[in-house]
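Below is one structure, written out as structure tokens; comments come after it.
As the structure lists them, so they are numbered: ligands from 1, and atoms in each ligand from 1. Residue numbers count from 1 along this sequence.
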Amino acid sequence: MSNVSSRQPFLNARLQGFGATIFAEMSALALRTKSVNLGQGFPDTDGPQEVKDAATHAIASGLGNQYPPGIGVPELRHAIRDHQKRFYGLSYDPDTEILVTAGASEALAAAVLALCETGDEVVTFEPWYDIYGANIAMAGATKRVVTLRPPDYSFNEAEFLNALSPKTRLILLNSPHNPTGKVFSKEELSFIAETAIDRDLLVVTDEVYEHLVFEGEHIPIASLPGMRERTVTISSGGKTFAFTGWKIGWVCARPELTAAVRIAKQFLTYVSGGPFQYAIAKGLSLGDDYYANLLADMREKRDFLTEGLESAGFQTFRSQGTYFVTADARSVGFEDGLELCLQLPEKVGVVAVPNVVFYDNEHEGRHLIRFTFCKSFDVLSDAVQRLGRLK
Ligand code: PMP
Ligand code: GLN
């Protein structure tokens, strides 16, 4: 089991080797074995009622039931503008610098497809989020990775510089980072930014966990000096409002970059999620208490699961953000995290994700596994009790 699959007779060469996503596979395993699913990162409770009501209201009153504007409904683009200003002091023009997409997933695909020529190289960090590799392959580009290593998942600057070549077109960044829970520091982001400026590279940054930062702060790389004009910032409402099924995402970038991404996006889905666009606009305008409560709740869950994992014998690596905490399989007697993830459901009835599938250099992640804590306390305490039986 992994993202890598055997040869598919009808699949083109660019996508050979890509199989079912690990998240779908592990969720299916959880269902089959009736295990507690701490694999795929989706909340088990819905987001705010008023946001749900806004979606219902939009459908009932005919808002967005027909094709919305290609760049997104004005209400949402204005809400995204206000959000970027409110949280980061960044100004974007809602008509030329903001684009609504089918989740961050489509924004990422459209950005990579729009900005890369065949043969270009994209530098990203490993472990990487699974769709990056497929997006880069679809664009006919090549992925070059820089490894983030525990305990703090920092990277080596020389390795980063070595990953760059004259063919490098863009740096694909993700902070807060899935699956490690790393939040890139100001120093790290500044180093990446200075390198991007020095080499005249674009940066595509995936910030879907921007409101889930427990330690340090989320710094959009676009806010660093000289970066706004070379950065495509991507986020979505899935994590922030706990409606991962709605798939409302967005891009913020200077007009020329937004125009390029819009052209690719237009021929992927054209538009999507009309009524949900109004609802996410409502979500983005919620008061500071909403964002503070979301964070406080998730921090408590992170602490609860981390302590539970540690008392079950796992060495964990501190999660600074996201929905995820990583652990070392060797601390419970497994050299191989994939093997542990395959045995965990049978042994104790818990599903986790083996991080090896997010690495090009598999030896770097062979022993690492990921648990999500975006579940109710009942589910988390059930999981912790079950994991206690590992000893
Ligand atoms: N980027 C990262 C790092 C993710 O974890 C996810 C999945 N939740 C996405 C992008 C995709 O986001 P969306 O569901 O908005 O497409
Ligand atoms: N982003 C989620 C995770 O990392 C999964 C989303 C998906 O299944 N594609 O678990």
Near-ring test Y291/F87, centroid separation under 6.0 angstrom: yes

Is R370 touching ligand 2 with its side chain, its backbone, both, or neither, if touching means heavy atoms under 4.0 Å apart? side chain

Where on I131 is there a heavy atom closer than 4.0 Å to ligand 1, on the side chain, on the backbone, on both, or on neither? neither

Under 4.0 angstrom from ligand 2, any heavy atom of F324? yes

Close-contact set for ligand 1 against N174 heavy atoms, below 4.0 Å: 3 (C)

Any idea which protein heavy atom is nearest atom 9 (C) of ligand 1, and the distance to it? Y129 CE2, 3.5 Å

Under a 4.0 Å N-O cut-off, is there an ion pair linking D297 with K301? yes

Ligand 1 to G103, heavy atom cutoff 4.0 Å, flagged ligand atoms 15 (O), 16 (O)

N/O to N/O below 3.5 Å, does that happen between Q40 and ligand 2? yes

Between S236 and W250, the two heavy atoms sitting closest are C-CH2, 3.5 Å

Mind listing the closest non-hydrogen atom pair of E207 and I221 along with its distance? OE2-N, 3.8 Å

Looking only at protein heavy atoms, which one is nearest to atom 12 (O) of ligand 1, and what is the separation? A104 CB, 3.6 Å

Less than 3.5 Å between some nitrogen or oxygen of S105 and one of ligand 1, yes or no? yes

Under 30°, 30 to 60°, or over 60°: which ring-plane class applies to H218 and Y88, parallel, tilted or perpendicular? perpendicular

Answer side chain, backbone, both or neither: which part of K247 comes under 4.0 Å from ligand 1, heavy atoms only. side chain

Going hydrophobic residue to hydrophobic residue with side-chain gaps under 4.5 angstrom, can you get from I171 over to Y153? yes

Go through ligand 1 atom by atom and flag the ones less than 4.0 Å from a non-hydrogen atom of Y209. 3 (C), 4 (C), 5 (O), 8 (N)

On the 0 to 90° scale, with breaks at 30° and 60°, tag the F155-F184 ring pair as parallel, tilted or perpendicular. tilted

What heavy-atom pair brings D200 and R230 nearest, and what distance separates the two atoms? OD1-NH1, 3.1 Å

Could you state the interatomic distance from CZ (R299) to CZ (F214), rounded to the nearest 0.5 Å? 7.0 Å

Atom 1 (N) of ligand 1: the protein heavy-atom neighbour that sits closest, reported with distance to 0.1 Å: D206 OD2, 2.5 Å

Once you restrict to heavy atoms under 4.0 Å, what part of S236 touches ligand 1? Side chain, backbone, both or neither. side chain

Ranked by distance from atom 9 (N) of ligand 2, the top protein heavy atom is Y129 OH, 3.4 Å

Check whether any N or O atom of F23, backbone or side chain, sits under 3.5 Å from an N or O atom of ligand 2, and answer yes or no. no

Quick one: sort the Y323 and Y209 rings into parallel, tilted or perpendicular, breaks at 30° and 60°. perpendicular

Ligand 2 contact on N178 by region, counting heavy-atom pairs under 4.0 Å: side chain

When clusters are formed by joining ILVMFWY residues with side-chain heavy atoms under 4.5 Å apart, either directly or through shared neighbours, do L108 and F42 land in the same one? no

Does any N/O atom on K239 come nearer than 3.5 Å to any N/O atom on ligand 2? no

I'd like to know if the side chain of Q16 reaches the main chain of L11, judged simply by a donor and an acceptor atom lying under 3.5 Å from each other, with no hydrogens or angles considered. yes

Is F42 near ligand 1, meaning one of its heavy atoms is under 4.0 Å from it? no

Using heavy atoms and a 4.0 Å limit, tell me yes or no: is K239 in contact with ligand 1? yes

